[in-house]
Q: 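Quick one: the structure is below, questions incoming.
The residues of the chain are indexed from 1 along the displayed sequence. We count ligands from 1, going down the list as the structure has it; atoms in each ligand are counted the same way.
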Amino acid sequence: MTDTHIVTIDRHIIDEERNRPGASGAFSNLLTDIALAAKVISRQVNMAGLVDILGRVGHRNVQGEPVQKLDVFAQDVIYRAMDHTGHLCCMVSEELEDWVPIPEKFPAGEYILLFDPLDGSSNIDVNVSIGTIFSLQRKVTEHERGSLEDCLQPGRRQLAAGYVVYGSSTMLVYTTGRGVHGFTLDPSIGEFILSHEDIRIPQPPSRYYSVNEAYASRWSPGMQRLVEDLKRSRGGEFSSRYIGSLVADFHRTLLRGGIFMYPGDQKHPSGKLRLLYEASPLAFIAEEAGGRASDGTGDILDIQPTELHQRTPLFIGSTDLVDRAEEFLAND
Ligand code: AHM
Ligand code: MG
C-alpha cells in the first residue's frame with residue numbers, strides 16, 4: 001500500500017480556505033467554478049480533431065447545434081459558469097472589448113475575474129497545447145457592479161491566479177499566494193487530482209531560453225546581446241524551446257526552469273502579450289514559485305494598468321535569468 005493521498009482540487013481549495021482567517025467561502029466557490037469550466041473546455045478541445053466529422057465552425061453539429069469556434073466556446077463556458085454565482089461584480093476577457101458588469105438579474109459580489117479563455121488558439125489545428133489563464137482581484141470602489149478602476153489594478157493585488165494547459169493531459173495550476181499547486185485531470189472520473197504540490201521554479205543551472213528568434217532583426221541591441229550571451233553561456237549549455245503558445249511555454253518554464261521572453265521590438269514596442277490576463281497572472285504564479293517576471297525594466301506585478309487590453313513585454317522564469325535580461329536591456 002502506498003501512503004500517497006488522493007486530493008481533488010475541490011478538497012484542496014476547501015483546505016486552503018480553512019487556513020485563511022475570515023474567509024467567506026466565496027473565493028473557494030469561484031475557484032471551483034473555474035475548475036468546472038476548465039473541464040468543459042478540456043472536453044471540447046479534445047474533440048477538436050474530430051471537427052471534420054462532427055461539424056465545421058459555422059455549420060450545425062450532429063445534434064443540430066451550431067458549431068462555435070473554440071475560443072468563442074471557451075469564452076461562453078467561462079462566462080456562463082461564473083455570471084450567476086453572486087461572487088463576481090464584473091469580468092474582463094481577451095475576447096470582449098469592454099469590461100462586463102454582472103447582469104442585474106443576478107446578485108453581485110466582491111470579486112473581479114480577468115481571463116484569457118483560450119490562449120494560443122491558432123495552434124488548435126495542429127494539435128499543439130493551448131491554455132486558459134485567469135486572475136481574481138477584489139473590488140476597490142463602491143460601485144456595486146464594479147468599474148473600470150476595479151479592473152485596472154496592479155498585479156501585486158491579485159488574490160488568486162492560475163492557468164489550465166490543454167496538453168498531453170489537462171492540468172490546472174493555481175496560487176492564492178500560498179504556494180503554487182498543479183492538478184492533473186483524470187478524464188475517466190472527471191476530477192482534477194493534485195499531482196504537483198508546491199511547485200518551485202528550478203534555479204540555476206536552468207537550461208532553456210524561449211523566444212521567437214525570427215524577430216531578432218527587429219530587437220533592440222540589448223535584446224540581441226542578451227540572446228547572444230545566453231547562447232555562449234556555460235560553453236553552449238543552453239537549449240532553446242519555443243512552442244508559440246504562452247501557457248505551454250510558461251508551464252515548461254515553471255517546471256524545468258529557464259526564461260521565456262516576449263520582448264518589445266521596432267514593430268511592436270510593447271510586444272504582443274496582454275498585461276491584465278496574460279502577463280500578470282503568470283507573473284504572480286512565477287513569483288509564488290520563487291521566480292520572477294519583468295517587463296525588462298521592473299516587476300510586471302508593479303505596473304499600474306491604464307487600459308484593459310494593454311500589452312507588455314514579458315521576461316519570466318528563473319530569477320537569475322530575468323535579472324540578467326534586465327541588466328542587458330538597461331544598456332539600450
Ligand atoms: P493569441 O492571444 O492571439 O492566441 O496570441 C497569443 C500567443 C501566445 O500564446 C504566444 O506566446 C504568442 O502568441 C506567440 O506569438 P508569436 O507567434 O508572435 O511568437
Ligand atoms: Mg491570448
Side-chain angles (χ1 to χ4, degrees), residues 37-38 41 44-45 48 57 68-79 91-97 99 113-135 155 161-167 170-171 173 208-220 223-224 227 240-254 256 258-283 285-286 293-296 300 305 307-317 322 325:
I41 296 167
Q44 203 70 8
V45 167
V57 171
Q68 288 176 306
K69 274 181 74 182
L70 263 184
D71 38 12
V72 179
F73 174 85
Q75 160 67 32
D76 207 44
V77 167
I78 296 176
Y79 186 84
M91 296 191 229
V92 173
S93 164
E94 177 174 319
E95 288 289 321
L96 304 173
E97 202 174 314
W99 63 280
L113 175 67
L114 306 103
F115 62 103
D116 184 348
L118 207 57
D119 184 70
S121 48
S122 62
N123 289 314
I124 296 168
D125 289 355
V126 284
N127 225 337
V128 165
S129 300
I130 47 183
T132 297
I133 311 172
F134 63 89
S135 156
Y163 64 83
V164 186
V165 57
Y166 310 99
T170 294
M171 265 194 82
V173 175
Y208 298 118
Y209 76 85
S210 182
V211 69
N212 191 337
E213 263 186 288
Y215 303 149
S217 64
R218 307 199 306 240
W219 290 345
S220 68
M223 181 67 203
Q224 290 177 348
V227 172
S240 86
R241 293 281 187 280
Y242 190 75
I243 299 169
S245 194
L246 175 63
V247 174
D249 276 316
F250 177 72
H251 187 62
R252 181 199 56 252
T253 306
L254 186 67
R256 294 270 184 270
I259 184 168
F260 169 85
M261 302 176 274
Y262 205 114
D265 62 30
Q266 276 167 15
K267 198 165 160 198
H268 304 290
S270 299
K272 177 181 188 186
L273 303 175
R274 315 289 184 144
L275 175 62
L276 282 180
Y277 41 78
E278 293 179 334
S280 232
L282 300 186
I285 295 168
S294 167
D295 67 352
I300 289 283
E307 284 170 45
L308 287 178
H309 299 291
Q310 179 171 340
R311 295 175 198 269
T312 178
L314 178 63
F315 300 83
I316 191 166
V322 177

Q: Measure the CD-CG distance between Gln44 and Leu70 for me, rounded to the nearest 0.5 Å.
A: 6.0 Å
Q: With Arg274 as the cation and Tyr277 as the aromatic partner, state whether NZ or CZ is under 6.0 Å from the six-membered ring centre and within 45° of the axis.
A: no
Q: Is the side chain of Gln310 donor-acceptor paired with the backbone N or O of Leu276 at a distance under 3.5 Å, no angle test?
A: no
Q: Distance check, rounded to the nearest 0.5 Å: Leu308 atom CG versus Glu94 atom CD?
A: 12.0 Å
Q: For Ser121, counting its heavy atoms only, list the atoms of ligand 1 lying under 4.0 Å from any of them.
A: 4 (O)
Q: Less than 3.5 Å between some nitrogen or oxygen of Phe260 and one of ligand 1, yes or no?
A: no
Q: Under 4.0 Å, heavy atoms only, figure out whether ligand 1 is touched by the backbone of Arg274, its side chain, both or neither.
A: neither
Q: Counting from 1, what ligand 1 atoms have a heavy atom of Leu246 closer than 4.0 Å?
A: 8 (C), 9 (O), 10 (C), 11 (O)
Q: Could you give the distance from CD1 (Ile124) to CD1 (Ile130), rounded to the nearest 0.5 Å?
A: 4.0 Å
Q: For the metal site, I want the angle between atom OE1 of Glu94 and atom OE2 of Glu278 with the Mg ion (ligand 2) at the apex, to 10°.
A: 80°
Q: Number the atoms of ligand 1 from 1 as they appear, then name those within less than 4.0 Å of a heavy atom of Glu94, with their elements.
A: 2 (O)
Q: N/O to N/O below 3.5 Å, does that happen between Asp116 and ligand 1?
A: no
Q: As a test of reading the structure, name the N/O/S atom of Asp116 that is nearest the Mg ion (ligand 2).
A: OD2
Q: State the OG-CD1 distance between Ser280 and Ile133, to the nearest 0.5 angstrom.
A: 11.0 Å
Q: Using a 4.0 Å cutoff against the non-hydrogen atoms of Gly244, which atoms of ligand 1 qualify?
A: 9 (O), 10 (C), 14 (C)
Q: Quick one: does Ser245's side chain have a donor or acceptor within less than 3.5 Å of a partner on Ser129's backbone?
A: yes
Q: As a test of understanding, state which of Tyr262, Phe315, Tyr163, Tyr208 forms a ring pair (Phe, Tyr, Trp, His ring centres under 6.0 Å) with Phe250.
A: Tyr163
Q: Say whether, by atom type as modelled, one donor and one acceptor occur between the side chain of His268 and the main chain of Pro263 under 3.5 angstrom.
A: no
Q: Is the closest N or O pair between Leu118 and ligand 1 shorter than 3.5 Å?
A: no
Q: Which atoms of ligand 1 have any heavy atom of Tyr242 under 4.0 Å away?
A: 14 (C), 15 (O), 16 (P), 19 (O)
Q: Can you report which non-hydrogen protein atom sits closest to atom 17 (O) of ligand 1, along with the distance?
A: Tyr215 OH, 3.8 Å
Q: For the Mg ion (ligand 2), give me the closest N/O/S atom belonging to Asp119, just the atom name.
A: OD1
Q: What protein heavy atom lies closest to atom 8 (C) of ligand 1? Include the residue and the distance to one decimal.
A: Asp119 OD2, 3.4 Å
Q: Who's the nearest protein heavy-atom neighbour of atom 7 (C) of ligand 1, and how far?
A: Lys272 NZ, 3.9 Å
Q: Could you find the nearest protein heavy atom to atom 4 (O) of ligand 1 and give me its residue, atom name and distance?
A: Gly120 N, 2.8 Å
Q: Could you grab the distance from atom CZ of Arg311 to atom CG of Leu273, nearest 0.5 Å is fine?
A: 8.5 Å
Q: Under a 4.0 angstrom heavy-atom cut-off, which atoms of ligand 1 come close to Glu278?
A: 2 (O)
Q: Is the shortest N/O to N/O distance between Ser245 and ligand 1 below 3.5 Å?
A: no
Q: Checking the side chain of Asp249 only, and the main-chain atoms of Gly244 only, is there a donor and an acceptor separated by less than 3.5 Å?
A: yes
